[in-house]
Amino acid sequence: MVTTLQRILSALAGFAAWQSGMPNTVAATAITGNDPITDDAYFYGQSPPVYPSPEVTGGSQWAAAYQKAKALVAQMTLQEKVNITGGTNLRTGCSGSIYPNKRLGFHGLCVSDAGNGLRNTDFVNAYPAGIHVGTSWNKDLARRRGAAMGGEFRRKGVNVLLGPVVGPAWRVVRGGRNWEGFSVDPYLSGSLAAQTIEGVQSQGVQTSLKHFIANEQELNRNPSSGLEAVSSNVDDKTMHEVYLWPFQDGVRAGTGNIMCSYQRINNSYGCANSKTLNGLLKTELGFQGFVMSDWGAQHAGVSTALAGMDMVMPSGDSYWGDHLVQAVENGSVPESRVTDMATRIMTTWFQFGQDIRFEKPGIGMPLDVRQPHVVIEGRDPSDRPVLLNGAIEGHVLVKNTNNALPLRNPRMLSLFGYSARSADSLSPGPGELIDIWRFGLTSLNLSDIASGLHSYIAINGSIMGGGGSGGGTPAVFVAPYDAIAMRAAQDDTAVFHDFGMPNPTVVPSTDTCIVFGNAWASEGYDRPGLSDNFTDSLVKTVANQCNKTVVVLHNAGPRIVDGFADHPNVTAIILAHLPGRDSGTSLVRLLYGEANFSGKLSYTVAKDESDYGHLLSPDEPNGNFQQFPQSNFTEGMYLDYKYFERHNVIPRYEFGFGLSYTTFSLANLVIRRVKGGKLGEWAEGGIIPGGQADLFDKIATVTVDVRNTGRIPGAEVPQLYVGIPGGPAKQLRGFDKPFLAPGATVQVQFALTRRDLSVWDTAAQKWRLQRGQYHIYVGPSSLDVPLKGSLTLR
């Protein structure tokens, strides 16, 4: 049995471990014996309490909207304020709805999935997925993609786009939702999230940056019978320097709302965690928007209100609604807290002009597209270049032996593999919404699901996105085979294909064989593995018969390729990720050299799954914690390339790696301190959205010359890494993507801010700019950094 004294000691030790920056493993070590913990009082104190919930102030760019909201909410009754804090069923295709207040001219809200394009409606596009944007390393493209998506949401009457995703942060390599986000690196993820937010919100549509915070696995993400949700146990330093970092960028970019997550954080549920919501988000980051629950992530009433959640989805009736009115009337919740909830929600409504732009929320979101309805065209033809270029730039060429690519007037192509064609079970519109919700456009047949083939691959067709709420329902999709067949017809190239046989025969007159495979992922599941024998065997069978074999893998996350990468006849490997609607069109342009590869990996590809160590798989309930699963983030900051470098593990393809049809050189590294820049040890500025204002002051600049030394146009991604005293050997702190003509040179400049060079001091609870030498590295990948220098701060 666990005694009261043990609980108290455990709670105190947990709080001390959290604040000191040590990984919180107290829960796993504070008791002995095999008795399971059955009372969550054992965990009290592991997530420090922070009360009361800070009220919105209208700081920075939010002042005018705040004043309008404050005046409107002042006219509301308690019941009217409560009404806008919880979702309601308005019988539309919106993922969630807030009921209008006609008396006061509030039109209501329609909120819908997702961060890769609007789903569950007609006449919309499926955009390149988050992982595809991450491997593009293109900030401008991320912003333009965001604006294009925002335009579609606005035309369809959707006030809130449920995205982008920066949590999960890819801690678990096999995480089922990693593909929705941009990268395992917090700097790259935060940079692209900020651009996406600015793009979406330029169209008057709010973003819901998610999932806050440390939401890193699908296994046990929700409580079930006799089992609580998994607890992400994160120390204070790791929380700030890894998991909070991209959310900080999103708040600074002005995201309208943030979605709290399903799982527990240091044994307190994410939507009832006062430390993360009141403390980190609303106090440290000065967040001026509202906090929305993930769907069904509310597990209590009063505590979620006091902890800082402002809106519950999909329904407010379970714990709030009339219960929240009663809680105010009996003194459990101060009415000022409900007033702040409503004011935050209304502030965002005014901030993006939604009082004018959204008179009919959800107008383009019919409950059932198969029934007669008002048809609203969501697409804008001017967005086609964004879709196509986004698809092109996220493909990563990782092998190209003897210039196997680009293709040069092939007489005959032979195509193999299940991922070349459109899925068999895919209907013209979202007629199979349950299937698509689960698997995106993998659209697995029921027989495939029953046979277990879904464990690794979508066996019956190409994937352009992952599954779950982040999946898309596009009006148009071009599969690789469709685009290749059309190009071949134009060139009079013969095409042989065999998409069904596991042991195909190659026609001897073939110039090039192309084998298509995929690696799917979906919300609700973590990936069972990073490779599959079916695809590896198929590749080797073809390569044994064809001396020029090109492998194209549509992968929703890291994919191990060592099963065939060294085969002498596998001359090219393309990690094609999740390109969206123009999957085939973009691939053909790359295969034939009409476009150049410029993608870079936003994660590390290992040689073997075991190389990822304990970060490979989700944590499962065990020992004393069978009823309260624990996930201890003992690796701290050392994820992906930082983990590989720390443990001296050589990857197959490193973070930031990617080939091109041309060549580049980097030269002339210059590091300069900014004149007049304040170099005090501690940040001293006031709080603005994103944190203390002077965290974003420039401390130094780094410049390099990038030259295209090849014969064709192309784009290089110079990457700046910093070795901060006492931290990982390298941390990404800058990148750019110049497009260059043959022989052209451009100077790229990186700005290093106070935040870029600081560490979180757990004792002072501030960002600290240490004294000492900072190592500076610039190169085309995390392992290839030919330019080296240093910056000394005294």
Side-chain angles (χ1 to χ4, degrees), residues 137 139 185-188 190-191 194-195 237 240-242 244-246 248-249 252-253 284 637 641-642 645 656 665-688 690-707 716-738 745-761 763-782 784-794:
W137 289 67
K139 287 178 278 192
D185 183 84
Y187 184 93
L188 179 56
S191 297
Q195 295 295 323
K237 180 178 175 66
H240 282 82
E241 296 188 22
V242 178
L244 189 62
W245 186 287
Q248 187 171 12
D249 286 325
R252 179 166 165 78
E284 283 187 30
M637 299 174 60
Y641 67 92
K642 301 164 192 173
E645 191 152 359
S665 67
L666 303 177
N668 301 327
L669 174 68
V670 178
I671 304 166
R672 293 189 180 93
R673 289 239 301 262
V674 173
K675 292 182 179 180
K678 296 181 180 179
L679 298 178
E681 191 171 4
W682 306 99
E684 298 176 349
I687 299 294
I688 61 171
Q692 289 184 275
D694 55 342
L695 285 175
F696 307 99
D697 289 350
K698 294 180 183 178
I699 298 296
T701 61
V702 178
T703 59
V704 296
D705 292 338
V706 183
R707 180 176 177 80
E716 177 62 298
V717 182
Q719 301 158 37
L720 169 65
Y721 296 88
V722 177
I724 298 174
K730 298 190 194 81
Q731 296 187 66
L732 183 69
R733 285 296 184 263
F735 66 95
D736 203 351
K737 190 172 186 178
T745 300
V746 66
Q747 185 183 78
V748 171
Q749 178 171 296
F750 306 102
L752 288 170
T753 67
R754 171 180 286 274
R755 183 176 71 137
D756 291 333
L757 300 175
S758 293
V759 298
W760 180 254
D761 189 296
Q765 290 290 288
K766 285 185 176 183
W767 289 98
R768 179 188 177 198
L769 190 63
Q770 302 174 100
R771 310 298 92 176
Q773 187 178 64
Y774 293 71
H775 298 286
I776 306 295
Y777 309 91
V778 178
S781 75
S782 60
D784 184 7
V785 284
L787 304 183
K788 299 180 174 86
S790 64
L791 173 69
T792 300
L793 300 180
R794 295 186 174 86

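Although no hydrogens or angles enter the test, the distance criterion places no donor-acceptor pair under 3.5 Å between the side chain of R755 and the main chain of W767. No side-chain donor-acceptor contact under 3.5 Å links E681 to the backbone of R768. With R771 contributing its side chain and L769 its backbone, the two residues share a donor-acceptor pair below 3.5 Å.
Checked against ring-ring contact (aromatic ring centres under 6.0 Å, His included), W245 has no partners two or more places apart in sequence or in another chain.
Scanning both residues, K642 and P186, for their nearest heavy atoms gives NZ-CD, 4.1 Å. For the residue pair D185 and Y641, the shortest heavy atom distance occurs at OD1-OH, 2.7 Å. Here the shortest heavy-atom pairing between P738 and P718 reads CD-CD, 3.8 Å. Among all heavy-atom pairs drawn from R754 and G680, the shortest one is NH1-O, 2.8 Å. Listed here is the closest heavy atom pair of D249 and G190: OD2-CA, 3.3 Å.
Between the CG atom of L791 and the NE2 atom of H775 there is a distance of 11.0 Å, given to the nearest 0.5 Å. Atom CG of residue N668 and atom CG of residue D705 lie 4.5 Å apart, to the nearest 0.5 angstrom. Distance check, rounded to the nearest 0.5 Å: CD of E284 to NZ of K766 gives 11.5 Å. Atoms NZ and OH, on K788 and Y777 in that order, are 7.5 Å from each other to the nearest 0.5 Å. Here M637 contributes atom CE and K237 contributes atom NZ; the two are 6.0 Å apart, rounded to the nearest 0.5 Å.
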Side-chain donor-acceptor pairs under 3.5 Å in residues 720-736, sequence neighbours left out?
from, atom 1, to, atom 2, distance (Å)
Y721, OH, Q719, OE1, 2.6
Y721, OH, S782, N, 3.4
K730, NZ, E645, OE1, 3.3
K730, NZ, E645, OE2, 2.9
K730, NZ, S782, O, 3.4
Q731, OE1, R733, NH2, 3.2
R733, NE, D756, O, 2.8

Taking distance alone, no hydrogens or angles, what donor-acceptor pairs closer than 3.5 Å link side-chain atoms of residues 694-704 to residues at least two apart or in another chain?
from, atom 1, to, atom 2, distance (Å)
D694, OD1, E684, N, 3.4
D694, OD1, G685, N, 2.9
D694, OD2, E684, N, 2.7
D694, OD2, G685, N, 3.2

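I776 has its side chain out of reach of S790: every pair of non-hydrogen atoms, C-beta onward, lies at least 4.5 Å apart. Side-chain contact between R672 and V674: absent, with no pair of heavy atoms (C-beta onward) separated by less than 4.5 Å. Looking only at side-chain heavy atoms (C-beta outward), P786 and P780 come within less than 4.5 Å of each other. Within the 4.5 Å cutoff, the side chain of V746 has no heavy atoms near those of the R707 side chain.
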| task | Given side-chain contact (heavy atoms from CB on, under 4.5 Å), test L793 with Y774 step by step and report yes or no. | result | CA-CA 8 Å; L793 300 180; Y774 293 71; 3.5 Å; yes
